[in-house]
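Here's the structure we're looking at; comments come further down.
Side chains included, hydrogens not; waters and symmetry mates left out as well; all remaining heavy atoms used. FYI, the numbering just counts along the sequence from 1. Keep in mind that what you see is a predicted model, and the values were worked out from it rather than measured.
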Amino acid sequence: MSAEGDHQTETVPDWKREEVADLAELIDTYESVGIVSIAGIPSRQLQAMRRDLHGSAELRVARNTLLVRALDDADDGVEELTDEVDGQVGLIGADANPFGLYRELEASKTPAPINAGEVAPNPIEIPEGDTGIDPGPFVGELQQVGAAARIMDGSIQVTEDSTVLEEGEEVSQTLANVLGELEIEPKEVGLDLRSVYADGILFEPDELAIDIDEYRADVEAAAAAGRNLSVNAAYPTAETAGTLLGKGSTEAKSLGLEAAIASPALADDLVSRADAQMRALAANIDDEEALPEELRGVTAPAETGDDESSDDQSADTESEPDADADDEDDDDDDGDASEGLGEMFG
């Protein structure tokens with residue numbers, strides 16, 4: 001009797017072996033493997049989610065004991081996911097990186113009504129406005145759950161935004177009825193990613209929930225600061241060589257003008273500068289008889305000489321080296337950065 005009992009204990013049904021093998025195949029097939037919570041999702045909606053994920057991710061639901069067995073048999077640290085196998089969960093695999101998988105699952109969530117006995121996932125609020133419901137007992141139910149309600153202009157109205165339940169509190173039957181009557185759906189239904197394993201790293205949801213736009217702006221700001229540092233330190237790189245050459249050319253021209261160095265490249269500017277200085281001097285001489293005829297009655301030119309414009313241009317280049325001269329480089333860099341972020345976050 002004992003031997004027969006031991007024999008029966010060691011026998012594993014074929015369907016369990018096949019299920020574990022299928023789960024192991026999913027783990028080996030995809031770049032990212034995670035555990036998702038499916039609690040509270042109706043069967044029909046879960047099937048719809050599976051169809052929506054087709055082509056980008058695969059969801060498998062099995063007994064927790066079989067999930068643990070498949071994860072334990074896997075290599076490369078995937079067994080760390082066994083800590084998340086608790087309650088109603090499923091195994092999900094995707095070729096997208098963890099950030100892309102998290103974003104896809106969050107985007108697929110849909111609003112849903114909340115039932116009595118459930119815990120509020122966030123503060124529940126009844127907004128100010130006309131409920132469109134005729135006067136009757138419903139105004140009392142609103143007041144009972146904590147909403148500021150009264151009968152006005154022939155209908156029941158909520159006179160101010162009213163928080164009727166705080167996050168983590170249990171929903172009463174009365175509140176569930178009120179929310180259903182007002183068609184308020186305070187929760188989201190979808191696959192909640194508990195943890196995902198990829199490239200030897202275990203990612204938690206709070207590590208994946210990042211603001212992509214903010215992250216992109218930070219990367220672009222860092223790239224701009226790096227270009228500024230490279231230019232101001234005269235450290236040439238492929239991205240800043242053009243700006244450094246432009247800055248050097250401007251500074252060399254300013255130096256040549258200040259030193260009055262005669263060269264074909266500076267001849268026109270030197271002549272223009274000398275002419276402006278001569279006219280400024282002539283304008284300050286009161287005795288016109290002392291001036292050549294062509295300089296009599298001239299007015300001083302505006303103080304926008306080549307020397308000042310050159311100095312301004314040089315100063316602008318030092319303070320904002322990535323402004324005009326680097327526009328084309330910036331466009332190329334931003335394109336590369338956007339492509340890289342796209343690959344990172346899916």
Within a 6.0 Å radius of atom CG on Asp199, are there more than 12 heavy atoms belonging to other residues, nucleotides or ligands?
no

Does a side-chain heavy-atom distance below 4.5 Å link Asn64 with Asp86?
no

Going by atom types only, do Thr240 and Thr243 share a side-chain donor-acceptor pair under 3.5 Å?
no

Mind checking whether Leu257 and Arg273 have side chains closer than 4.5 Å, heavy atoms only?
yes

Which of Leu81, Val196, Asp28 passes side chain to side chain contact (heavy atoms under 4.5 Å, CB included) with Val33? Answer is Leu81

With Ser155, the side-chain hydrogen bond (donor to acceptor under 3.5 Å, both in side chains) member among Thr131, Asp130, Asp134
Asp130

Under 4.5 Å between any side-chain heavy atoms of Val61 and Arg50, yes or no?
yes

Validation row: Leu182, Phe138 side chains within 4.5 angstrom (heavy atoms):
yes

Anything under 3.5 Å between a donor and an acceptor, one on a side chain of residues 109-125, the other on a protein residue two or more places apart or in another chain? List them.
{"from": "Lys109", "atom 1": "NZ", "to": "Glu106", "atom 2": "OE2", "distance (Å)": "3.0"}
{"from": "Lys109", "atom 1": "NZ", "to": "Asp192", "atom 2": "OD1", "distance (Å)": "2.4"}
{"from": "Thr110", "atom 1": "OG1", "to": "Gln45", "atom 2": "NE2", "distance (Å)": "3.1"}
{"from": "Asn115", "atom 1": "ND2", "to": "Glu118", "atom 2": "OE2", "distance (Å)": "3.2"}
{"from": "Glu118", "atom 1": "OE1", "to": "Lys187", "atom 2": "NZ", "distance (Å)": "2.8"}
{"from": "Glu118", "atom 1": "OE2", "to": "Asn115", "atom 2": "N", "distance (Å)": "2.8"}
{"from": "Glu118", "atom 1": "OE2", "to": "Lys187", "atom 2": "NZ", "distance (Å)": "3.2"}

Smallest heavy-atom separation, Ile184 atom then Pro186 atom, equals O-CD, 3.3 Å

Partner of Ile35 under side chain to side chain contact (heavy atoms under 4.5 Å, CB included), chosen from Thr82, Ile92, Leu91
Leu91

So do the side chains of Ile41 and Leu191 get within less than 4.5 Å of each other, counting heavy atoms only?
yes

Contact check, side chains of Thr29 and Glu58, non-hydrogen atoms, under 4.5 Å:
no

Side-chain donor-acceptor pair present, Glu239, Ser230, cut-off under 3.5 Å
no

Would you say that Glu84 contacts Leu67 through its side chain, given a criterion of any heavy-atom pair below 4.5 Å between the two side chains?
no

Just list the side-chain donor-acceptor pairs under 3.5 Å for residues 140-153, sequence neighbours left out, or say none.
{"from": "Gln143", "atom 1": "NE2", "to": "Ala149", "atom 2": "O", "distance (Å)": "2.8"}

Do the side chains of Ile126 and Val178 get nearer than 4.5 Å, heavy atoms only?
yes

Checking Arg69, Arg60, Arg63 against Glu19 for salt bridge (charged side-chain N to carboxylate O under 4.0 Å, His left out), the one that qualifies is Arg60

Between Asn177 and Gln173, is there a side-chain donor-acceptor contact under 3.5 Å, judged purely by atom types and distance?
yes

